[in-house]
**Student:** 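Here it is: the structure, laid out below.
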Amino acid sequence: MARRVWVAGLLAGALCAPLPGMAQENGPIRMIMPYTPGGGADTLGRLVATSMNKRGDRNIVVENKPGANTILATDYVSTQKPDGNTLLYASSSFTINPHLYKVSYDPATSFSPVALLSEIPLVMVTTKDSPFHRVQDVIDKAKAKPGQVSFASYGLGSAAHLGGILFESKASVKMLHVPYKGSMPALNDLMGHHVDVAIVSLESALAMIKGGELRALGIFNQDRLSSLPDIPTMVETVPGCVAVGWNGILAPKGTDPAVVKKLNEQVNQALVSADLNQYFANQGLEPRQRTPEAFTQIIKDENAKWGQLVQAAGLKLQ
């Protein structure tokens with residue numbers, strides 16, 4: 001009799017256990033943040049989580065795990081169970097890093113894309129008293145003095161760094177890359193006239209552009225931004241020079257498609273909330289509501305693009 005009860009208990013436990021990929025709805029969902037608290041990514045991630053918490057049946061908590069140019073957090077989430085309990089806040093580095101560093105994940109196979117949050121425009125800026133008034137001025141000077149015109153970026157292997165390499169390639173020029181640990185140190189040295197131009201995220205330079213301290217030469221988007229129509233695009237001078245950063249949310253590969261779909265719907269609803277709309281407007285960003293399938297294609301395209309560029313440039317950081 002005791003044996004029958006024991007066997008029955010095992011069967012009941014097996015029937016109640018969640019299948020691989022199915023969400024286990026107990027406790028909060030963790031969103032792993034590859035950046036330190038208080039930065040732009042962390043702020044957006046927490047705003048999205050707060051908005052989603054108002055709409056979902058489970059709370060989402062942001063857990064910071066910075067390090068190794070976002071690789072630490074990304075590798076960590078790639079090894080988590082696909083049970084809907086762990087998400088990754090990802091950015092452009094997700095598709096760039098595998099071509100520059102040794103990583104344990106594959107952008108195309110290690111994750112289930114959930115939702116795109118926004119695109120992050122990159123912008124080439126210079127000081128208000130700079131002799132550069134147009135992108136063409138930079139090209140002309142760089143061609144006249146190869147390797148002497150300097151551009152700052154917010155880090156080796158960053159989207160800004162690769163945006164600079166793309167600019168060099170498409171404009172047929174050679175410049176001097178000066179990497180910094182973040183956009184603000186790069187902009188500080190630009191203001192101090194230690195570098196000629198800087199390629200940074202638009203959100204980091206927006207206040208200084210609007211205040212007249214910086215001159216925006218061009219954004220790396222395909223089209224001009226509706227919120228800042230006076231800033232020209234790089235492609236107006238250099239065809240094909242498009243390099244747009246992005247951020248989004250991913251889940252470990254194998255997460256139940258129904259869970260992914262539900263999270264995607266909650267994210268897309270959050271993106272049009274009043275709080276997030278105000279945040280995007282203040283930062284010069286535009287929300288991008290996409291299906292998981294569309295986001296998957298974006299990642300695939302970005303992975304191929306950066307891989308080809310890195311290979312052509314012969315760039316390898318590790």
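In what follows, every heavy atom counts, from backbone to side chain, and hydrogens, waters and symmetry copies are set aside.
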**Student:** Show, in sequence, the C-alpha distance, side-chain angles and deciding distance for Val149 and Leu176, and conclude whether the side-chain contact (heavy atoms from CB on, under 4.5 Å) test is met.
**Tutor:** CA-CA 6 Å; Val149 178; Leu176 174 64; over 6 Å; no
**Student:** Consider only side-chain heavy atoms of I, L, V, M, F, W and Y, link residues closer than 4.5 Å, and tell whether Leu117 and Ile29 are in one cluster.
**Tutor:** yes
**Student:** Keeping Glu236 on the side-chain end and Thr233 on the backbone end, is there a donor-acceptor pair under 3.5 Å?
**Tutor:** yes
**Student:** When you check the gap from the basic side-chain N to the acidic O, do Lys262 and Asp57 get nearer than 4.0 Å?
**Tutor:** yes
**Student:** Is Ile199 reachable from Val310 through a run of I, L, V, M, F, W or Y residues, each pair having side-chain heavy atoms under 4.5 Å apart?
**Tutor:** no
**Student:** Cut-off 3.5 Å, no hydrogens considered: what does the side-chain donor-acceptor table look like for residues 243-253, sequence neighbours left out?
**Tutor:**
{"from": "Asn247", "atom 1": "OD1", "to": "Ser118", "atom 2": "N", "distance (Å)": "3.1"}
{"from": "Asn247", "atom 1": "OD1", "to": "Ser118", "atom 2": "OG", "distance (Å)": "3.1"}
{"from": "Asn247", "atom 1": "ND2", "to": "Tyr89", "atom 2": "OH", "distance (Å)": "3.3"}

**Student:** Taking atom CD1 of Ile165 and atom CE of Met175, what is their separation to the nearest 0.5 Å?
**Tutor:** 12.0 Å
**Student:** Between Val135 and Phe220, is there shared hydrophobic-cluster membership here, with clusters defined by ILVMFWY side-chain heavy atoms closer than 4.5 Å?
**Tutor:** yes
**Student:** Minimum heavy-atom separation for Pro229 and Ser227, please, with both atom names.
**Tutor:** CD-C, 3.5 Å
**Student:** Which heavy atom of Ser183 sits nearest a heavy atom of Val200, and at what distance?
**Tutor:** OG-CB, 3.9 Å
**Student:** Under the criterion salt bridge (Lys or Arg N to Asp or Glu O under 4.0 Å), I'd like the reasoning laid out for Arg55 against Glu265: C-alpha separation, chi angles, the key distance, then a yes or no.
**Tutor:** CA-CA 10 Å; Arg55 293 166 173 78; Glu265 291 171 350; over 6 Å; no
**Student:** What I want to check is whether the side chains of Glu293 and Thr296 have a donor and an acceptor closer together than 3.5 Å.
**Tutor:** no
**Student:** Is it true that a side-chain atom of Thr43 and a backbone atom of Gly39 form a donor plus acceptor pair closer than 3.5 Å?
**Tutor:** yes
**Student:** Is the distance from the ring center of Phe111 to that of Phe94 below 6.0 Å?
**Tutor:** yes
**Student:** Go through Glu213 and Leu187 one step at a time and tell me if the side-chain contact (heavy atoms from CB on, under 4.5 Å) criterion holds.
**Tutor:** CA-CA 11 Å; Glu213 299 170 86; Leu187 292 175; over 6 Å; no
**Student:** Of all the heavy-atom pairs spanning Pro121 and Leu285, show the shortest one and how long it is.
**Tutor:** CD-CD2, 3.8 Å
**Student:** Rounded at 0.5 Å granularity, tell me how far OH in Tyr279 sits from CD in Glu203.
**Tutor:** 5.0 Å
**Student:** Taking atom CE of Met124 and atom OG of Ser153, what is their separation to the nearest 0.5 Å?
**Tutor:** 11.5 Å
**Student:** Do the side chains of Val138 and Val173 get nearer than 4.5 Å, heavy atoms only?
**Tutor:** no
**Student:** Under the criterion side chain to side chain donor-acceptor pair (under 3.5 Å), I'd like the reasoning laid out for Thr70 against Ser93: C-alpha separation, chi angles, the key distance, then a yes or no.
**Tutor:** CA-CA 7 Å; Thr70 75; Ser93 59; 2.9 Å; yes
**Student:** Going through the distances and angles, do Arg46 and Asp42 end up as a salt bridge (Lys or Arg N to Asp or Glu O under 4.0 Å)?
**Tutor:** CA-CA 6 Å; Arg46 292 179 187 278; Asp42 182 72; 2.9 Å; yes
**Student:** With a 4.5 Å limit on heavy-atom distance, are the side chains of Val125 and Met208 in contact?
**Tutor:** no
**Student:** Within the distance-only criterion (no hydrogens, no angle test), does the side chain of Glu119 pair as donor or acceptor with the backbone N or O of Arg288 below 3.5 angstrom?
**Tutor:** no
**Student:** Applying side chain to side chain donor-acceptor pair (under 3.5 Å) to Tyr76 and Thr86, what does each step give before you reach the verdict?
**Tutor:** CA-CA 10 Å; Tyr76 171 76; Thr86 309; 5.9 Å; no
**Student:** Looking at every non-hydrogen atom in both residues, tell me the closest pair between Val260 and Pro113 and how far apart they are.
**Tutor:** CG1-O, 3.6 Å
**Student:** Is a side-chain N or O of Asn53 found less than 3.5 angstrom from the main chain of Ala49, in a donor-acceptor match?
**Tutor:** yes
**Student:** Does Asn277 reach the main-chain N or O of Val272 with its side chain, forming a donor-acceptor pair under 3.5 Å?
**Tutor:** yes
**Student:** Measure the spacing between CD1 of Ile120 and OG of Ser201 and express it to the nearest 0.5 Å.
**Tutor:** 7.0 Å
**Student:** Can you tell me how far CG of Leu116 sits from OG1 of Thr291, rounded to the nearest 0.5 angstrom?
**Tutor:** 10.0 Å
**Student:** Using every non-hydrogen atom in the two residues, find where Pro107 and Ile299 come nearest and quote the distance to one decimal.
**Tutor:** O-CG2, 3.9 Å
**Student:** If you look only at pairs with a residue in residues 27-38, which of them pass as a salt bridge (Lys or Arg N to Asp or Glu O under 4.0 Å), with sequence neighbours excluded?
**Tutor:** Arg30-Glu63
**Student:** What I'd like to find out is whether the side chain of Tyr105 reaches to under 4.5 Å of the side chain of Thr79, using heavy atoms alone.
**Tutor:** no
**Student:** Are His194 and Asn188 close enough, and set up right, to give a side chain to side chain donor-acceptor pair (under 3.5 Å), and what steps lead you there?
**Tutor:** CA-CA 9 Å; His194 299 295; Asn188 286 338; over 6 Å; no
**Student:** Just so I know, are the side chains of Leu162 and Ser92 near enough to count as touching, which here means a heavy-atom distance under 4.5 Å?
**Tutor:** no
**Student:** Does a side-chain heavy-atom distance below 4.5 Å link Leu263 with Thr255?
**Tutor:** no
**Student:** Just by modelled atom types, is the Leu47 backbone N or O under 3.5 Å from a matching donor or acceptor in the Ser51 side chain?
**Tutor:** no
**Student:** Is there a path of hydrophobic side-chain contacts, each under 4.5 Å between heavy atoms of I, L, V, M, F, W or Y residues, that connects Val61 with Met31?
**Tutor:** no
**Student:** Determine yes or no for a side-chain-to-main-chain donor-acceptor pair under 3.5 angstrom, with Thr126 supplying the side chain and Asp196 the backbone.
**Tutor:** yes
**Student:** I would like to know whether Tyr180 and Val195 meet side-chain contact (heavy atoms from CB on, under 4.5 Å); could you show each step before the answer?
**Tutor:** CA-CA 11 Å; Tyr180 291 83; Val195 290; 3.8 Å; yes
**Student:** Would you call Val62 and Ile32 a side-chain contact if the rule is heavy atoms closer than 4.5 Å?
**Tutor:** no
**Student:** Would you compute the distance between atom CD of Glu168 and atom CG of Leu309 and round it to the nearest 0.5 angstrom?
**Tutor:** 10.0 Å
**Student:** Can Val235 be reached from Phe151 by stepping across I, L, V, M, F, W or Y side chains whose heavy atoms are under 4.5 Å apart?
**Tutor:** no
**Student:** Regarding Thr127 and Asp129, do their side chains bring together a donor and an acceptor under 3.5 Å, going by distance alone?
**Tutor:** yes
**Student:** Can a donor-acceptor pair be found, under 3.5 Å and without considering hydrogens, that links the side chain of Asp137 to the backbone of Arg134?
**Tutor:** yes
**Student:** Please tell me if the side chains of His177 and Pro179 come closer than 4.5 Å, counting only heavy atoms from C-beta onward.
**Tutor:** yes
**Student:** Taking all atoms of both residues into account, what is the closest heavy-atom pair of Trp306 and Thr95, and its distance?
**Tutor:** CD1-OG1, 3.6 Å
**Student:** Passes side-chain contact (heavy atoms from CB on, under 4.5 Å), Leu44 versus Leu276? Steps please.
**Tutor:** CA-CA 8 Å; Leu44 177 56; Leu276 276 167; 3.7 Å; yes
**Student:** Could you tell me whether a side-chain N or O of Ser169 sits under 3.5 Å from a main-chain N or O of Leu166, the two making a donor and an acceptor?
**Tutor:** no
**Student:** Determine whether Ile219 and Leu122 make a side-chain contact, defined as any pair of heavy atoms from C-beta on separated by less than 4.5 Å.
**Tutor:** no
**Student:** Look at the side chain of Arg290 and the backbone N and O of Ala115, then say whether any donor-acceptor pair between them is shorter than 3.5 Å.
**Tutor:** no
**Student:** Are Lys181 and Tyr154 in a cation-pi setup, meaning NZ or CZ lies under 6.0 angstrom from the ring centre and within 45 degrees of the ring axis?
**Tutor:** no
